[in-house]
> 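Sending over a structure as structure tokens; questions will come in a sec.
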Amino acid sequence: MNPFYHRGAIRQAADFHGRVSETEQILGLLRNGQSVSLIGPRRIGKSSLLMHLCRDEVRQPFNLHAPHALFVHIDCQELGGSPAEEVYETLLLGVREAAEQAELSLNEVQQTGTYRALDRLLNQVVRSGVLVVVLLDEFELLAANEQLTPYFFARLRGLTTKYGLAYLTASQRPLFAITADEEILSSPFFNIFVSLSLGLFSEAEALKLLAGRLVHTAVSFPSDLQEHILQLVGFHPFFLHLAGYYAFPLVTGGEYEQASQIDKPTEVEAESHLAYLWQNLTPEERYGLAILTGGVDVLRTLEQQCLVTAVDGFEESNRAETYRYTSDMLERFVRRQEVPGLIQAAPFVIDFQRHTVRVPEGELSLTTSQFNLLTCLATQAGQVVHAPELERAVWQEALVDDPDRLKTLIKRLRRAIEPYDGWVVSERGVGYALRAPE
């Protein structure tokens, strides 16, 4: 059986990998009664981490295991359109179930669909010297629930003051960004959280995941395949599972010849997930992702969504922070998208707004004539563009009296775009094309 079968949350303890520092940080805060907002993109492992934190053996080093603490896990997907009464009842049932599992003796509470009933149950639990932590997965669905008022969230906040209850929410975006209702957002409930970002694995964690999934198979991936997987999908846990899934049968079936064999199937399955991430970016964020520059807020959001990572570099003897994509697969996906104001003809990204051309190594220094010539070629990438059309793009008219002028500019353009000079291909007697050299 292929051990890289996970496509959803990791439910078995033996299958969970990494997140040691995040686990310690979250439990340390919760132990002190501090509520935590866990932020991370879709499929980064938020639900898996919440399930991991619900295990007694994980919480025991922090003295948060039963019966010292009750961890109540609520999936807010079921509460997106529920009235307050249903939410109160869900919370009450969750607390009562956790108490029963911890073998706490509690009196029966009547009228379960009310705040008063929830209050009475929590009162019993806390009087027994037990800390209560409520884990709210997919919290954005609760925050955007139009049936819930500021008064509802104020009551949730009141439980932290009254009983020392702590919340751990998980959402794709920061709390201030997941509700459009300013009145809801102004509730004191949203001011009690410490925000923590859940991001990519470290390289060591990524390699440990690959090795860990293979440990019971008597199979190991060749070192070149491991390196290629990390380059292809980066350190994203979900994408590592995808790449491993397609690598495993090649190795076990004796069909492995070169690491790039996994590229196409991995990228095909990842396409819908990358499209979801792309569609949930604002136009400004899409533009920033395509050119790897932008305002501080845009770049911070892209980092938080695990799409780019900061790299310290040197530029003209001054230290400058630059950014790179978190995987080759992501970069190729971005290059296939249409972004207003840009022409993306890999490896060139032509920005009309800033009048710049970017390649993976950084920005190119081009004259206006070179920029216009490359733009004309890139607009029809892969096709032959006739010389008169290129001349009009550069000089606004075909200069038939100087046939060598275009040839000279082509030579200068090739020098300016090295090492990608081979991408400007000459079709003798016809014109030129922008395409990958053969």
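Note that the numbering runs from 1 along the sequence shown for the chain.
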> If a pair satisfies salt bridge (Lys or Arg N to Asp or Glu O under 4.0 Å) and one of its residues is in residues 244-265, list it, with sequence neighbours excluded.
Asp263-Arg332
> Could you check whether any side-chain heavy atom of Val359 comes within less than 4.5 Å of a side-chain heavy atom of Ile417, counting everything from C-beta outward?
no
> Can you tell me how far apart CD1 (Ile39) and CG (Leu198) are? Round to the nearest 0.5 Å.
10.5 Å
> Do Arg31's NZ or CZ and the ring of Phe62 fall within the cation-pi criteria of under 6.0 Å and 45°?
no
> Would you say Lys46's side chain and Thr169's backbone share a donor-acceptor pair under 3.5 angstrom?
no
> With a distance cut-off below 6.0 Å to the six-membered ring centre and an angular limit of 45° from the axis, does Arg358 pair with Phe348 as a cation-pi contact?
no
> Is Arg335 close enough and on-axis enough to Tyr325, meaning under 6.0 Å and within 45°, for cation-pi?
no
> Give, for atom CG of Leu413 and atom CG of Leu377, the distance between the pair rounded to the nearest 0.5 Å.
7.0 Å
> Side chain of His6, backbone of Gly8: donor and acceptor closer than 3.5 Å?
no
> Just by distance, with hydrogens left out, do Tyr88 and Asp119 show a side-chain donor and acceptor under 3.5 Å apart?
no
> From Tyr323 OH over to Thr293 OG1, what is the distance, rounded to the nearest 0.5 angstrom?
10.5 Å
> For Phe153 and Phe190, take the angle between the two ring planes, folded into 0 to 90°, and tell me which bin it lands in: parallel under 30, tilted 30 to 60, perpendicular over 60.
tilted
> Going by the side chain to side chain donor-acceptor pair (under 3.5 Å) test, which pairs reach into residues 60-75, not counting sequence neighbours?
Asp75-Gln77
> Answer yes or no: is there a side-chain heavy-atom contact under 4.5 Å between Leu92 and Glu89?
no
> Do the side chain of Gln344 and the main chain of Val334 share a donor and acceptor less than 3.5 angstrom apart?
yes
> Is there a side-chain contact between Pro249 and Asn2, using heavy atoms and a 4.5 Å cut-off?
yes
> If we ignore angles and hydrogens, is there a donor and acceptor under 3.5 Å between the side chains of Arg173 and Ser171?
no
> Salt-bridge test for Glu22 and Arg19: reply yes if a basic N is under 4.0 Å from a carboxylate O, no otherwise.
yes
> Could you pull out the closest heavy-atom pair between Phe16 and Ser48, with the gap in Å?
CE1-O, 3.6 Å
> Run the numbers on Ile74 and Leu135 for side chain to side chain contact (heavy atoms under 4.5 Å, CB included), then give the verdict.
CA-CA 6 Å; Ile74 305 295; Leu135 292 73; over 6 Å; no
> If I take atom CZ from residue Phe333 and atom CD from residue Glu267, how far apart are they, to the nearest 0.5 angstrom?
11.0 Å
> Would a 4.5 Å heavy-atom cut-off, applied to side chains only, mark Leu289 and Val308 as touching?
yes
> Can you name the closest pair of heavy atoms from Cys54 and Arg59 and give their distance?
O-NH1, 2.8 Å
> With a 4.5 Å heavy-atom cut-off, do Gln258 and Gln261 have their side chains touching?
yes
> Going by atom types alone, do Tyr246 and Glu269 pair a side-chain donor with an acceptor below 3.5 Å?
yes
> Angle class for the Tyr276/His273 ring planes (parallel below 30°, perpendicular above 60°, tilted otherwise)?
parallel
> Could you state the interatomic distance from CG (Asn191) to CG (Leu175), rounded to the nearest 0.5 Å?
9.5 Å
> Would you indicate whether the side-chain heavy atoms of Phe248 and Thr217 approach each other to under 4.5 Å?
yes
> Is a salt bridge present between Asp15 and Arg213, judged by a nitrogen-to-oxygen distance below 4.0 Å?
yes
> Within this structure, what is the CD-CG distance for the pair Glu140 and Asn145, rounded to the nearest 0.5 Å?
13.0 Å
> Could you check if a side-chain atom of Val87 sits within less than 4.5 angstrom of a side-chain atom of Leu156, using non-hydrogen atoms only?
no
> Could you tell me whether Glu338 and Arg286 make a salt bridge, using a distance below 4.0 angstrom between a side-chain N and a carboxylate O?
no
> Can the ring centres of Phe201 and His17 be said to be less than 6.0 Å apart?
no
> Taking the inter-plane angle between the rings of Phe193 and Tyr167 on a 0 to 90° scale, is it parallel (under 30°), tilted (30 to 60°) or perpendicular (over 60°)?
tilted
> Which of parallel (below 30°), tilted (30 to 60°) and perpendicular (above 60°) describes Phe189 and Phe139?
tilted
> Indicate yes or no: does Arg336 engage Glu331 in a salt bridge with an N to O separation below 4.0 Å.
no
> So, are Arg96 and Glu108 salt-bridged, with charged N and O less than 4.0 Å apart?
yes
